[in-house]
Amino acid sequence: MLLTQSADTIIVLDFETTGLSPNQGDRAIEIGAVKLENGEVTERFQQLMNPGFRVSGFIENYTGISNNMLRGAPSCEEVMAQFADFIQGYNLVAHNASFDQRFLDAELEGISRSYDGEFVCSMLLARRLYQNAPNHKLGGLVEYKNISHDGVFHRALADSEMTAKLWLQMLDDLKVEHQVTQPDFKLMKKITKTAKAALPQMLKRSAKC
DNA sequence: TGCCAGGCCCTCTTTAGGGCCTT
(Lines give C-alpha, C1' and ligand atoms only; values in the text may rest on other atoms or scores of the structure.)
Protein backbone atom coordinates (compact mmCIF):
# COMPACT_ATOMS: atom_id res chain seq x y z
CA MET A 1 0.00 0.00 0.00
CA LEU A 2 1.37 3.38 -0.96
CA LEU A 3 0.87 5.80 1.87
CA THR A 4 -1.36 8.69 0.91
CA GLN A 5 -1.49 10.83 4.04
CA SER A 6 2.06 12.01 3.38
CA ALA A 7 2.40 11.59 -0.38
CA ASP A 8 4.74 14.57 -0.78
CA THR A 9 6.86 13.69 2.23
CA ILE A 10 9.45 10.91 2.09
CA ILE A 11 12.33 9.68 4.21
CA VAL A 12 15.64 9.23 2.39
CA LEU A 13 17.87 6.89 4.38
CA ASP A 14 21.27 5.26 4.30
CA PHE A 15 22.92 2.60 6.49
CA GLU A 16 26.59 2.06 7.20
CA THR A 17 27.09 -1.54 8.21
CA THR A 18 29.71 -4.09 9.23
CA GLY A 19 29.33 -5.90 5.88
CA LEU A 20 26.99 -6.82 3.09
CA SER A 21 24.56 -9.29 4.57
CA PRO A 22 22.53 -9.41 7.78
CA ASN A 23 22.05 -13.11 7.03
CA GLN A 24 25.79 -13.52 7.58
CA GLY A 25 25.67 -11.75 10.93
CA ASP A 26 26.39 -8.23 9.73
CA ARG A 27 24.84 -5.35 11.69
CA ALA A 28 24.18 -1.67 11.19
CA ILE A 29 26.73 0.75 12.66
CA GLU A 30 25.20 4.06 11.53
CA ILE A 31 21.87 5.28 10.24
CA GLY A 32 21.39 8.60 8.51
CA ALA A 33 18.18 9.97 7.07
CA VAL A 34 16.52 13.16 5.93
CA LYS A 35 12.83 13.99 5.72
CA LEU A 36 12.00 15.57 2.35
CA GLU A 37 8.88 17.69 2.48
CA ASN A 38 7.79 19.61 -0.61
CA GLY A 39 11.33 19.56 -1.95
CA GLU A 40 12.96 20.72 1.26
CA VAL A 41 14.85 18.84 3.98
CA THR A 42 12.81 19.52 7.10
CA GLU A 43 14.33 16.98 9.53
CA ARG A 44 17.53 14.99 9.89
CA PHE A 45 18.39 11.78 11.75
CA GLN A 46 21.95 10.59 12.32
CA GLN A 47 23.20 8.12 14.88
CA LEU A 48 26.12 5.75 15.30
CA MET A 49 25.27 2.44 16.93
CA ASN A 50 27.32 -0.24 18.63
CA PRO A 51 26.89 -3.61 16.86
CA GLY A 52 28.27 -5.55 19.81
CA PHE A 53 31.50 -6.63 18.12
CA ARG A 54 34.54 -5.02 16.51
CA VAL A 55 34.22 -3.92 12.90
CA SER A 56 36.87 -4.89 10.36
CA GLY A 57 39.72 -2.66 9.25
CA PHE A 58 38.14 -2.55 5.83
CA ILE A 59 34.94 -1.04 7.22
CA GLU A 60 36.92 1.41 9.38
CA ASN A 61 38.76 2.60 6.27
CA TYR A 62 35.71 2.54 4.01
CA THR A 63 33.41 4.52 6.30
CA GLY A 64 35.81 6.38 8.55
CA ILE A 65 33.86 4.93 11.47
CA SER A 66 36.36 3.45 13.93
CA ASN A 67 35.91 0.94 16.71
CA ASN A 68 36.78 3.77 19.10
CA MET A 69 33.86 5.81 17.78
CA LEU A 70 31.48 2.88 18.22
CA ARG A 71 32.65 1.94 21.72
CA GLY A 72 30.58 4.64 23.39
CA ALA A 73 27.67 4.56 20.96
CA PRO A 74 24.23 3.33 22.00
CA SER A 75 23.16 -0.17 20.96
CA CYS A 76 21.54 -0.97 17.63
CA GLU A 77 18.34 -1.83 19.50
CA GLU A 78 18.18 1.57 21.20
CA VAL A 79 18.89 3.54 18.01
CA MET A 80 16.61 1.51 15.77
CA ALA A 81 13.69 1.98 18.16
CA GLN A 82 14.10 5.75 17.75
CA PHE A 83 14.48 5.38 14.00
CA ALA A 84 11.32 3.27 13.76
CA ASP A 85 9.44 6.22 15.27
CA PHE A 86 11.13 8.63 12.83
CA ILE A 87 10.06 6.76 9.68
CA GLN A 88 6.56 5.80 10.77
CA GLY A 89 3.94 6.94 8.28
CA TYR A 90 6.32 7.82 5.45
CA ASN A 91 7.46 6.20 2.25
CA LEU A 92 11.17 5.49 1.97
CA VAL A 93 13.94 6.07 -0.57
CA ALA A 94 17.47 4.68 -0.63
CA HIS A 95 20.24 4.18 -3.18
CA ASN A 96 20.28 0.47 -3.98
CA ALA A 97 17.31 0.16 -1.66
CA SER A 98 17.37 -3.64 -1.54
CA PHE A 99 20.55 -3.37 0.55
CA ASP A 100 19.18 -0.84 3.06
CA GLN A 101 15.82 -2.62 3.21
CA ARG A 102 17.49 -5.88 4.20
CA PHE A 103 19.26 -4.19 7.12
CA LEU A 104 16.21 -2.16 8.14
CA ASP A 105 14.06 -5.30 8.14
CA ALA A 106 16.66 -7.30 10.08
CA GLU A 107 17.33 -4.63 12.71
CA LEU A 108 13.63 -3.88 13.25
CA GLU A 109 12.76 -7.57 13.43
CA GLY A 110 15.26 -7.84 16.25
CA ILE A 111 13.26 -5.37 18.34
CA SER A 112 9.83 -6.53 17.13
CA ARG A 113 9.16 -3.27 15.30
CA SER A 114 8.02 -2.65 11.73
CA TYR A 115 7.27 0.19 9.32
CA ASP A 116 4.34 0.98 7.09
CA GLY A 117 5.95 2.79 4.16
CA GLU A 118 7.13 1.48 0.82
CA PHE A 119 10.63 1.65 -0.63
CA VAL A 120 11.69 3.17 -3.93
CA CYS A 121 15.24 2.69 -5.15
CA SER A 122 17.02 5.79 -6.51
CA MET A 123 19.56 3.59 -8.29
CA LEU A 124 16.89 1.76 -10.31
CA LEU A 125 15.36 5.12 -11.16
CA ALA A 126 18.71 6.55 -12.24
CA ARG A 127 19.46 3.52 -14.39
CA ARG A 128 16.32 4.29 -16.38
CA LEU A 129 16.47 8.08 -16.43
CA TYR A 130 20.23 8.49 -16.89
CA GLN A 131 21.07 5.69 -19.27
CA ASN A 132 24.13 7.56 -20.56
CA ALA A 133 25.70 8.06 -17.14
CA PRO A 134 29.16 6.43 -16.89
CA ASN A 135 27.95 4.49 -13.86
CA HIS A 136 25.07 4.52 -11.39
CA LYS A 137 26.99 4.66 -8.13
CA LEU A 138 25.72 7.43 -5.86
CA GLY A 139 28.98 9.37 -6.13
CA GLY A 140 29.11 8.89 -9.89
CA LEU A 141 25.58 10.21 -10.36
CA VAL A 142 26.29 13.21 -8.12
CA GLU A 143 29.23 14.09 -10.36
CA TYR A 144 27.28 13.34 -13.56
CA LYS A 145 24.46 15.73 -12.58
CA ASN A 146 26.79 18.33 -11.04
CA ILE A 147 25.01 18.03 -7.70
CA SER A 148 26.67 20.04 -4.94
CA HIS A 149 28.21 18.09 -2.06
CA ASP A 150 30.62 18.62 0.81
CA GLY A 151 33.07 15.89 -0.21
CA VAL A 152 31.99 13.46 2.50
CA PHE A 153 31.13 9.98 1.17
CA HIS A 154 30.24 6.70 2.88
CA ARG A 155 28.80 8.35 5.97
CA ALA A 156 25.11 7.78 6.52
CA LEU A 157 23.81 11.34 6.77
CA ALA A 158 26.04 12.66 3.97
CA ASP A 159 24.96 9.86 1.63
CA SER A 160 21.27 10.30 2.50
CA GLU A 161 21.58 14.05 1.84
CA MET A 162 23.16 13.33 -1.56
CA THR A 163 20.50 10.73 -2.37
CA ALA A 164 17.84 13.31 -1.50
CA LYS A 165 19.44 15.85 -3.85
CA LEU A 166 19.59 13.19 -6.57
CA TRP A 167 15.91 12.41 -5.97
CA LEU A 168 14.99 16.10 -6.36
CA GLN A 169 17.12 16.29 -9.51
CA MET A 170 15.26 13.33 -10.99
CA LEU A 171 11.90 14.94 -10.15
CA ASP A 172 13.09 18.12 -11.85
CA ASP A 173 14.34 16.28 -14.93
CA LEU A 174 11.00 14.48 -15.25
CA LYS A 175 9.28 17.88 -15.30
CA VAL A 176 11.70 19.62 -17.66
CA GLU A 177 12.77 16.84 -20.01
CA HIS A 178 9.67 14.64 -19.98
CA GLN A 179 6.95 17.23 -19.31
CA VAL A 180 5.56 15.31 -16.34
CA THR A 181 3.76 18.07 -14.48
CA GLN A 182 3.65 16.54 -11.00
CA PRO A 183 5.96 13.55 -10.60
CA ASP A 184 5.35 11.88 -7.24
CA PHE A 185 6.45 8.85 -5.23
CA LYS A 186 3.88 6.65 -6.94
CA LEU A 187 5.19 7.56 -10.41
CA MET A 188 8.80 7.07 -9.29
CA LYS A 189 7.95 3.58 -8.09
CA LYS A 190 6.18 2.86 -11.36
CA ILE A 191 9.27 3.95 -13.32
CA THR A 192 11.46 1.46 -11.43
CA LYS A 193 9.04 -1.30 -12.44
CA THR A 194 8.99 -0.27 -16.11
CA ALA A 195 11.34 -1.79 -18.67
CA LYS A 196 13.74 0.70 -20.25
CA ALA A 197 12.27 0.12 -23.70
CA ALA A 198 8.75 0.89 -22.45
CA LEU A 199 9.76 3.97 -20.44
CA PRO A 200 9.34 6.66 -23.15
CA GLN A 201 5.73 5.61 -23.78
CA MET A 202 4.97 5.40 -20.08
CA LEU A 203 6.36 8.90 -19.49
CA LYS A 204 4.38 10.25 -22.45
CA ARG A 205 1.19 8.93 -20.88
CA SER A 206 2.20 10.46 -17.53
CA ALA A 207 2.88 13.80 -19.22
CA LYS A 208 -0.68 13.88 -20.54
CA CYS A 209 -2.21 13.37 -17.11
C1' DT B 1 44.77 -14.82 4.68
C1' DG B 2 40.96 -14.67 1.90
C1' DC B 3 36.36 -14.87 1.26
C1' DC B 4 31.31 -14.12 2.26
C1' DA B 5 24.94 -11.73 -0.20
C1' DG B 6 21.18 -10.60 -2.94
C1' DG B 7 18.38 -8.26 -6.38
C1' DC B 8 18.30 -6.16 -10.85
C1' DC B 9 19.29 -6.28 -15.59
C1' DC B 10 21.61 -7.22 -19.94
C1' DT B 11 22.79 -10.61 -23.43
C1' DC B 12 26.57 -14.17 -26.94
C1' DT B 13 19.27 -15.48 -22.62
C1' DT B 14 15.03 -18.04 -20.84
C1' DT B 15 17.37 -25.62 -19.07
C1' DA B 16 22.47 -19.20 -17.79
C1' DG B 17 26.04 -16.33 -16.68
C1' DG B 18 28.00 -12.28 -15.23
C1' DG B 19 28.36 -7.16 -14.21
C1' DC B 20 26.56 -3.59 -11.31
C1' DC B 21 25.48 -1.64 -6.77
C1' DT B 22 25.25 -1.48 -1.62
C1' DT B 23 29.02 -2.11 3.26
Query - Residue met sooner reading DNA chain B from 5', once A:Thr194 and A:Phe15 are mapped to nucleotides - result: A:Thr194
Requested in this report: Specify the separation, in whole Å, of atom CZ of A:Phe103 and atom P of B:dG7.
Outcome: 13 Å
Report task. Calculate the interatomic distance between A:Asp105 atom CG and B:dG7 atom P; express it in whole Å. Result -> 12 Å
N/O donor to acceptor pairs below 3.5 angstrom from side-chain atoms of residues 131-140 of chain A, sequence neighbours left out:
residue, atom, partner, partner atom, Å
A:Gln131, NE2, A:Arg128, O, 3.0
A:Asn135, OD1, A:Lys137, N, 3.0
A:His136, NE2, A:Tyr130, O, 2.8

Report task. Name all residues meeting the side chain to side chain contact (heavy atoms under 4.5 Å, CB included) criterion together with A:Glu78; count only those two or more places apart in sequence or in a different chain, and write none if there are none. Result -> A:Pro74, A:Ser75, A:Gln82
Report task. Would you tell me whether A:Asp26 and A:Thr18 have side-chain atoms, one donor and one acceptor, within less than 3.5 Å of each other? Result -> yes
Query raised in the report: Mind checking the C1' distance from B:dT23 to B:dC3? Whole angstroms is fine.
Result: 15 Å
Query raised in the report: Any side-chain N or O of A:His136 less than 4.0 Å from the OP1 or OP2 oxygen of B:dC20?
Result: no
Requested in this report: Sequence neighbours left out, what passes side chain to side chain contact (heavy atoms under 4.5 Å, CB included) with A:Ser56? Give chain and number order.
Outcome: A:Phe58, A:Ile59
Query raised in the report: Which nucleotide, B:dT22, B:dC8, B:dT23, lies nearest any side-chain atom of A:Thr17?
Result: B:dT23
Query - Interatomic distance, A:Leu125 CG vs B:dC21 P [rounded to whole Å] - result: 15 Å
Nucleotide N/O to protein N/O under 3.5 Å, stretch nucleotides 10-14 of chain B:
residue, atom, partner, partner atom, Å
B:dC10, OP1, A:Lys196, NZ, 3.4

Protein N or O to nucleotides 4-6 of chain B N or O, pairs below 3.5 Å:
residue, atom, partner, partner atom, Å
B:dG6, OP1, A:Asn23, ND2, 3.0

**Report entry** Atom of A:Phe99, atom of A:Leu20 and distance for their closest heavy-atom approach
**Finding:** CE1-O, 3.7 Å
Query raised in the report: B:dG19 and B:dT13: how far apart are their C1' atoms, nearest whole angstrom?
Result: 15 Å
Requested in this report: In whole angstrom, give me the gap between the C1' atoms of B:dC12 and B:dG17.
Outcome: 10 Å
Query raised in the report: Checking all strands, does A:Asp14 fall into the base, sugar-phosphate, or nothing category for heavy-atom contacts under 4.0 angstrom?
Result: sugar-phosphate
Report summary line: Sequence neighbours excluded, the answer for side-chain hydrogen bond (donor to acceptor under 3.5 Å, both in side chains) partners of A:Gln47 is none
Query raised in the report: B:dG18 and B:dT14: how far apart are their P atoms, nearest whole angstrom?
Result: 13 Å
Query raised in the report: Are side-chain heavy atoms of A:Leu104 and A:Ile87 found at a separation under 4.5 Å?
Result: yes
Query raised in the report: Looking at residues 52-73 of chain A, who's got a heavy atom less than 4.0 Å off DNA chain B?
Result: A:Phe58, A:Ile59, A:Tyr62, A:Thr63
**Report entry** Donor + acceptor pair across side chains of A:Glu143, A:His149 (<3.5 Å)
**Finding:** yes
**Report entry** A:Arg127 CZ to B:dG19 P, straight-line distance once rounded to whole Å
**Finding:** 14 Å
**Report entry** Nearest-angstrom distance from the residue atom CD1 of A:Ile31 to P of B:dT23
**Finding:** 11 Å
**Report entry** Close approaches to DNA chain B from residues 138-166 of chain A, in residue order (heavy atom, under 4.0 Å)
**Finding:** A:Leu138, A:His154, A:Asp159
Query - Value in whole Å for how far the P atom of B:dC8 lies from CD1 of A:Ile191 - result: 17 Å
Query raised in the report: Is there a side-chain contact between A:His95 and A:Asp14, using heavy atoms and a 4.5 Å cut-off?
Result: no
Report task. Tell me, please, which residues at least two apart from A:Asp172 pass side-chain hydrogen bond (donor to acceptor under 3.5 Å, both in side chains). Result -> none
Report task. Check ring pair (Phe, Tyr, Trp, His ring centres under 6.0 Å) between A:Phe15 and all other residues, then give those that pass, not counting sequence neighbours. Result -> none
Query raised in the report: Does A:Arg54 have any side chain to side chain contact (heavy atoms under 4.5 Å, CB included) partners at least two apart in sequence or in another chain, and if so, which?
Result: A:Asn67, A:Arg71
Query - Matching residue for A:Arg155 among A:Glu161, A:Glu30, A:Glu16 - test: salt bridge (charged side-chain N to carboxylate O under 4.0 Å, His left out) - result: A:Glu30
Query - A:Val180 vs A:Lys175 side-chain heavy atoms within contact, under 4.5 Å - result: no
Requested in this report: Could you measure between the two C1' atoms, the one in B:dT1 and the one in B:dC20, and give it in whole Å?
Outcome: 27 Å
Requested in this report: Using atom CG of A:Asn135 as one end and atom C1' of B:dT22 as the other, report the distance to the nearest whole Å.
Outcome: 13 Å
Query raised in the report: A:Ile29 CD1 to B:dT23 P: how many Å, rounded?
Result: 11 Å
Report summary line: Applying side-chain hydrogen bond (donor to acceptor under 3.5 Å, both in side chains) to A:His178 and not counting sequence neighbours gives none
